[in-house]
Structures are given as structure tokens and as C-alpha cells.
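Remarks on the structure that follows.
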Amino acid sequence: MSIVAAFDRTLFSNPASRYVVLRLKTADIMIPQEARSPYHYSDNLIRFTAVGYDLPQTDAVKMELEGTWVKGKYGCQLQVERWHEIVPPTIEGIRGYLVSGLLKGIGEKTADAIVARFGVDALNVLEKHPERLLEIRGITEERLEEIKTGYAESKTMRELMTLLAPFKVTPATAMKIYQHFGSVGVELLRKSPYRLCQVPGFGFKRVDAIVQKSGGDLQDPMRIQGALFYALEKSRSECGHLYMEAAQMMRSAMQLLNEKIPTQEDRLQQAQVERELEAMILTNVVVSNKGNIYLPHVFTQENETAHKVVQMALEVPPPVNLSSVMEQIKEKLGISLSGRQAEGVQMVFRHNLSIITGGPGTGKSTILKAVVEAYRLLYPRGTISLAAPTGKASRRMAETTGINNAQTIHSLLGLHGEDSGWRKKEPLKTDLLIVDECSMLDMWLAHQLFSRLSPGTKVLLVGDADQLESVGAGNVFQELIDSGLVPVTVLDEIFRQAKGSLIAYNARFINEGNGELYYGADFAFIRAESQPEVAELIRSLYKKEAATTGIGQVQILSPFRSEGEASSQGMNEAIRDEINPAAENKPEVIRSGRLFRLNDRVMQIRNNYDITLHDSTGKQVSAGVFNGETGYISNIQSGTVTVNYDGRYADYPLESVDELELAYAMTIHKSQGSECDTVIIPMLAAHKILLTRNLLYTAVTRAKRRVFLVGQRKALYMAVGKTRKGKRNTLLAERMRLYHQSLSGKTAADKPAMRRAS
């Protein structure tokens with residue numbers, strides 16, 4: 001069923017996502033009674049609410065809409081799935097369409113000139129003979145290209161939305177598809193929807209299920225390529241691999257292709273899959289390097305990063321005498337560096353790229369302050385930049401060093417996402433760059449960082465190499481250390497709280513595979529055998545600790561996301577009902593089956609570069625909210641949810657609330673880069689698939705003052721005795737060694753002093 005309607009009023013609009021809520025007017029009597037506005041209007045037209053993406057906010061044209069009537073908190077609304085404008089074939093109608101804002105590059109004066117020159121044939125000229133617009137005074141070749149691009153994009157986007165209606169794509173996703181394929185996207189996808197598998201977010205299973213419903217060809221070569229691409233992308237996104245061995249890739253693809261084909265004669269054969277993989281290599285859809293298959297951009301990231309790191313390793317900065325500087329640091333900061341810490345400071349000034357690594361309480365923050373102060377004393381006019389992968393980690397750097405302009409790496413580089421295709425191109429203008437929490441650096445972010453460094457920039461990477469690997473693909477920090485080409489200082493002496501913290505000692509024991517931990521006031525093990533019992537004890541502990549230190553300083557960290565009462569999802573619902581129960585004066589919003597309530601503690605679960613953060617007065621303070629940032633809901637009003645991130649406020653339109661989840665509890669993976677006073681960790685044998693030594697180590701080292709382990713002793717021993725998962729597929733260290741050998745004629749082993757400063 002389609003509805004012809006006209007624009008009446010904008011109720012809500014988000015320019016970043018193009019999501020709008022409009023009030024429309026129509027003479028169509030088929031509008032459901034519950035969807036109609038109760039008010040009477042002089043034009044006798046029916047008003048109703050429509051929600052969707054890119055809907056025209058102008059009454060210059062009418063719209064023909066198709067969609068679904070959905071009942072919700074704001075009444076019955078039409079969720080628009082497809083639409084197109086209806087342009088009256090009159091001078092007035094065509095002029096109204098041209099000035100409506102739907103076409104980029106055409107304003108009122110230009111529209112008047114086009115209509116005056118071409119009359120009712122104006123749209124035909126735009127469609128088939130756009131070069132004739134040069135007949136109009138003021139339209140240059142450059143302006144014509146802008147108009148042509150805007151018109152083609154608008155037309156292609158509408159065609160894409162119609163073609164992809166079964167896939168339920170949003171205009172933002174359609175734009176991503178348009179950017180990937182360009183103007184030929186509609187034609188390519190009509191021939192084979194399996195090309196969608198090349199676009200991040202369109203898994204093979206999703207595309208295959210929809211295509212097969214309409215009788216798709218099981219032998220379609222693009223279906224085979226889609227399965228191969230999916231296998232490679234899945235190994236990257238789920239396992240962190242930068243490449244996949246060809247044989248393994250084909251096995252995974254064949255399993256996907258044949259798992260729902262019952263008859264032997266219809267199943268795909270290995271020879272067919274091999275043929276299509278060869279075709280993908282020949283057409284540069286993938287890169288083969290010694291039988292290892294990469295996505296082209298991933299191969300470029302690894303290759304170029306290795307080159308840049310080796311170039312920095314071979315740079316020799318001017319020698320400096322630090323003797324007097326070290327004495328000044330001791331006097332000014334009131335700190336006495338250990339021998340290893342002093343060597344670490346000196347290492348930073350002997351090389352243009354160096355690494356400092358160590359566990360909790362080993363003095364990483366102290367050495368950071370010393371490096372910053374030494375640089376200020378040696379180079380008073382030099383510029384210093386501090387960065388970290390997360391907002392919380394960067395703010396912690398600012399507190400530690402006194403440099404208030406510490407930023408996320410994304411903000412420092414002006415990045416707008418891995419798939420956005422946009423970033424500032426100019427080199428990073430700084431003399432000293434210190435990056436903290438480097439165990440979180442994935443290959444993509446490391447490539448962005450190293451590719452922007454200017455010659456001579458001094459870089460210090462700081463982190464704990466024993467923590468979990470980055471969430472994204474690659475294992476950059478460990479590979480840099482393992483390469484033997486980057487000088488490394490390992491801090492292994494515990495300083496924290498005058499050596500009185502059991503957290504630091506137990507973290508070391510866990511890392512060494514020793515399950516015989518020390519217990520006391522700041523590190524406790526509470527025994528429980530079942531998931532319900534563990535969950536009940538954790539709820540009680542959480543309430544007690546939160547009452548003392550505040551909700552923001554207590555964190556439940558679970559190995560599992562959704563398995564059982566002690567998973568992060570299970571704990572979130574239970575804790576919220578006790579800590580923040582429903583009340584008449586507490587507004588709520590439900591999105592994708594999840595309920596959010598005023599004052600809820602929440603976490604951002606993906607990077608959003610379009611959200612602008614402001615302070616309490618409304619003044620903009622920063623842009624972008626990043627995966628893993630936590631805050632609390634401070635307001636729910638007029639279709640907007642406001643989250644307070646430590647005094648920075650982000651306003652989420654309803655369609656972006658999907659990017660939030662409750663954060664009273666979270667998975668250990670999501671906690672990377674954060675710290676809080678108290679950490680509570682369920683320990684259950686039921687979680688044995690994920691319980692590993694470095695997972696437990698990462699959880700314990702998130703705590704500043706107190707750790708509670710709740711559950712079974714055997715689960716603790718199980719975790720401590722199980723090393724990290726299998727090595728990620730990455731050749732960064734190997735490439736670095738090869739490049740170094742080709743440039744210097746020496747291997748890393750020829751330069752033992754470069755491998756570890758200690």
C-alpha cells in the first residue's frame with residue numbers, strides 16, 4: 001500500500017544520520033484512525049507522523065511513500081521504507097522541485113534560469129543532457145560537475161533504496177554502498193546482489209538468505225566470491241587476523257556455500273572455489289602474499305607501517321647530555337627514579353621511536369612525568385602531544401602529566417572512522433608524541449598514526465604488553481616489541497602504594513601462571529558454586545561498594561556477554577532494577593527491545609564521529625564518542641537521550657540509541673583502557689571458553705583500589721593455567737626485520753642493544 005502525502009512540519013531531524021520525524025498531510029482516507037492527528041485543520045487534510053531517512057522537508061513536491069505502521073511510545077507512526085517525489089509537470093511544479101533543496105548545487109536564481117531556458121523540459125535536460133546547462137549564464141564547468149554529481153547521487157540513492165528494500169538498509173548504509181561502488185552500483189547489484197558482501201556490514205549469510213528466497217543461482221560466481229570475502233572479513237573482525245591462509249579460506253568458504261544445500265549434485269566443488277579465488281587475486285579484490293590472503297587495504301596498512309617504523313628505527317637523533325636534567329627533575333618533581341626508570345628516560349632521547357612497558361604499579365605514570373619534564377627542560381620551545389586510544393585514558397594522561405590537551409588518537413589525527421574515507425591529510429605537527437595504552441592499538445589505527453608522523457618526530461609508546469590484544473585486527477604493540485628493532489624498557493619493580501597493594505602483586509602472579517594469590521582487604525575471593533549464587537553475591541557487593549564510592553567507581557567485569565545470570569547482560573538488568581528502579585518521574589525509552597531509563601549507567605559500543613559533545617551551558621567542547629566510553633543518562637526528552645560523559649554531554653537521537661548499552665556490568669574486553677576504584681569479577685567454570693590468563697590479568701589491572709573475585713576456585717586455576725588464545729595472523733614484525741635488513745644490511749640480531757634497553 002502506498003500513500004501520497006505532502007510535507008507539513010518537521011518534528012525532529014538529525015543532519016548527521018539524515019533521520020527525520022515529519023508530520024505529513026494527505027487526503028488519503030486509508031490512514032489508520034490511531035495514526036491520525038486528533039486536530040481539525042482548515043484544509044480538511046489528515047495529519048500523521050512518518051519516520052525515516054532523507055524524507056523531503058519541503059512542500060514543493062508531494063511524496064509517494066511505502067512503509068509499515070508501527071505503534072510505540074509516541075503513538076502510531078509510519079516507518080517509511082521507500083519513497084519518491086512526485087513533481088507536477090508544470091513550470092511552477094518543476095521550479096518548486098529545483099529549489100526544494102533535494103538537488104545539491106541549485107539555488108533559487110539557478111532554478112529560475114533553468115526553468116526560463118528549458119521550461120517543462122528542464123528535468124529531461126538534467127536527466128539526459130546535463131551539458132546543456134552550460135547554456136545558462138553563471139553555470140561554469142565546475143558548477144556543472146557539482147550539479148551533475150548531486151543529481152546523480154540523489155537519483156542513485158533512491159534507486160539503491162528501492163533495490164535494497166528487502167535488506168532493510170538505512171540511507172546511511174545506502175550511502176556507504178554508493179561510496180563503495182559509485183554510480184554503477186545499482187547496475188552491478190542488479191546483476192548480482194552478492195557484491196554486497198564486499199561492503200562491511202553485509203555478511204554472506206544475510207545476503208545469501210535473502211537472495212535464495214527469490215530463487216538465486218547457487219552456482220553464481222559472485223556467490224562464491226562473496227563467501228570467500230566473508231570468510232576473510234570474519235577472520236579479521238572476529239579473530240583479529242590480518243590475513244588468512246588460502247587453504248583455510250577456501251575450507252571456510254565451502255562450508256558456508258554448502259551448509260544448506262542437501263543434494264550432492266548441487267554442492268560447490270573445490271575447483272570452482274579455487275577458480276574464483278584466483279579471479280579475486282587477479283582483479284585485486286584480495287592480495288596474495290606467499291599464500292597468505294589479505295584484504296588490499298589491510299595489506300597496505302601492515303606494509304606501510306613496517307616501512308615507517310624501520311625508517312624511524314634507523315634515524316639517529318642528535319646526542320644530548322641528560323645528567324643535569326635528571327637532577328633537575330628529581331628536585332622539581334620530588335621523585336627519585338629507579339635505575340630502570342632512569343634508563344627508560346634516557347632511551348627516549350637516544351632514539352626517535354621507543355617503548356616503555358610494564359604492569360600495574362611499576363611506575364609508568366612516574367616515567368611519563370619525567371619524560372615530559374626532561375623534554376621541556378631540553379627543548380623549551382618544542383611541542384608535546386599526548387594521545388591514547390580512549391577518552392578516559394587520554395584524560396588520565398592529562399591528570400598524570402599536567403598537559404591538558406591530551407586527546408584520543410582519533411581526535412589528534414582528525415579521523416572520522418575506518419570506513420568513512422575521510423581524514424585530514426596534513427602531517428602531524430608535534431615534536432614529541434607520547435601514546436599510552438598501546439596494547440589497544442589495532443593495525444588500522446597504528447597505520448593512521450605512523451603514516452602521519454613527520455621526519456624527526458620523537459615517539460614514545462607506553463602500555464602493558466601482557467593485557468588483551470586490541471579489539472580490532474592485529475597485535476601491533478607486541479609485534480613492535482618482538483621485532484627486535486624498537487628499543488624497549490621493561491618496568492618490573494612494583495612501586496604502587498609503597499608496595500602495599502595486593503593488586504599489583506597478584507597481577508604479576510596471574511601473569512606468571514601462579515594461582516596462589518595473596519588475599520586481604522584490597523583483594524578478596526568469595527566462594528560460590530552456581531551462577532545464580534554468584535549473581536546474587538555480586539549484586540550485594542555492588543550495592544555496598546557503590547554506596548561508598550559511587551556507581552561510577554564500581555565495575556562488574558564478566559568474561560561472558562550473554563551466557564547466564566553472571567554474564568554482563570544478565571547482571572546489567574538485575575543491577576539496574578535495584579540501583580535505578582522505575583518510577584513515575586523517571587522517563588524511559590525503548591529501542592530495539594532494550595529499555596533505557598533516566599540515570600542509567602551506559603556505554604557507547606561503537607565509534608560515532610558525528611555526535612558533538614557540549615558542556616552544561618551548551619558550548620561545544622569536542623566531537624565524537626568512542627567505543628567503550630561510559631557515562632550516565634542525564635535527560636530523556638523530545639525524542640533525544642542525553643548522556644553525561646564526565647561533564648561532556650552527548651545528545652542521541654532515538655535511532656542512535658542503538659549505540660548504547662547498560663554498563664553496570666561489561667565484558668572484560670570492553671573495559672580496556674579504563675580504570676575504577678573497585679572491580680568485581682565472576683569466576684565460573686561455565687565461562688571456561690573465554691577464561692584465559694591475559695583476560696583475567698586485564699580485568700584485575702582495571703582496579704585501582706580493590707578487587708573481588710566471586711565464584712569457583714577451579715575457575716581461577718583454570719584461567720591462570722590457560723595462556724592467551726592462538727597467535728593472531730600478522731607479519732608486521734617479520735616485514736620490519738626484512739625491510740631493516742634491506743636498508744641497513746644488518747639483521748635485528750646483529751644489534752642486541754636495540755632489542756631491549758634494561
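Please read these numbers as outputs of a predicted model, since none were measured by experiment.
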Distance-only donor-acceptor check, side chains [X] and [Y], under 3.5 Å:
| X | Y | answer |
| --- | --- | --- |
| T390 | E437 | no |
| Y649 | N635 | no |
| S671 | S674 | no |
| Q712 | Y717 | no |
| R594 | Q569 | no |
| N475 | K727 | no |
| D677 | T549 | no |
| E629 | Q604 | no |
| N644 | Y632 | yes |
| S252 | Q248 | yes |

Is there a donor-acceptor pair under 3.5 Å between the side chain of [X] and the backbone N or O of [Y]?
| X | Y | result |
| --- | --- | --- |
| Q672 | E469 | yes |
| S656 | Y652 | no |
| R576 | P581 | no |
| R236 | L242 | no |
| Q553 | T678 | no |
| S470 | G474 | yes |
| E588 | F596 | no |
| T357 | A465 | yes |
| E545 | V554 | no |
| Q467 | Y697 | no |

Just so I know, are the side chains of I605 and K670 near enough to count as touching, which here means a heavy-atom distance under 4.5 Å? yes
Could you check Y518 against F509 for ring pair (Phe, Tyr, Trp, His ring centres under 6.0 Å), going step by step and ending with a plain yes or no? CA-CA 9 Å; Y518 292 148; F509 291 155; 5.2 Å; yes
Can you confirm whether more than 12 heavy atoms, excluding those of [X], are under 6.0 Å from its [atom1] atom?
| X | atom1 | value |
| --- | --- | --- |
| K586 | NZ | yes |
| R527 | CZ | no |
| E245 | CD | no |
| Q255 | CD | no |

Over 60° means perpendicular and under 30° means parallel, so tell me whether [X] and [Y] are parallel, tilted or perpendicular.
| X | Y | result |
| --- | --- | --- |
| Y294 | Y243 | tilted |
| Y230 | F204 | tilted |
| Y519 | F525 | perpendicular |

Run I355 and L480 through side-chain contact (heavy atoms from CB on, under 4.5 Å) and show every step you take. CA-CA 9 Å; I355 290 173; L480 292 176; 3.9 Å; yes
Output the distance between atom NE2 (H447) and atom OG1 (T305), rounded to the nearest 0.5 Å. 5.0 Å
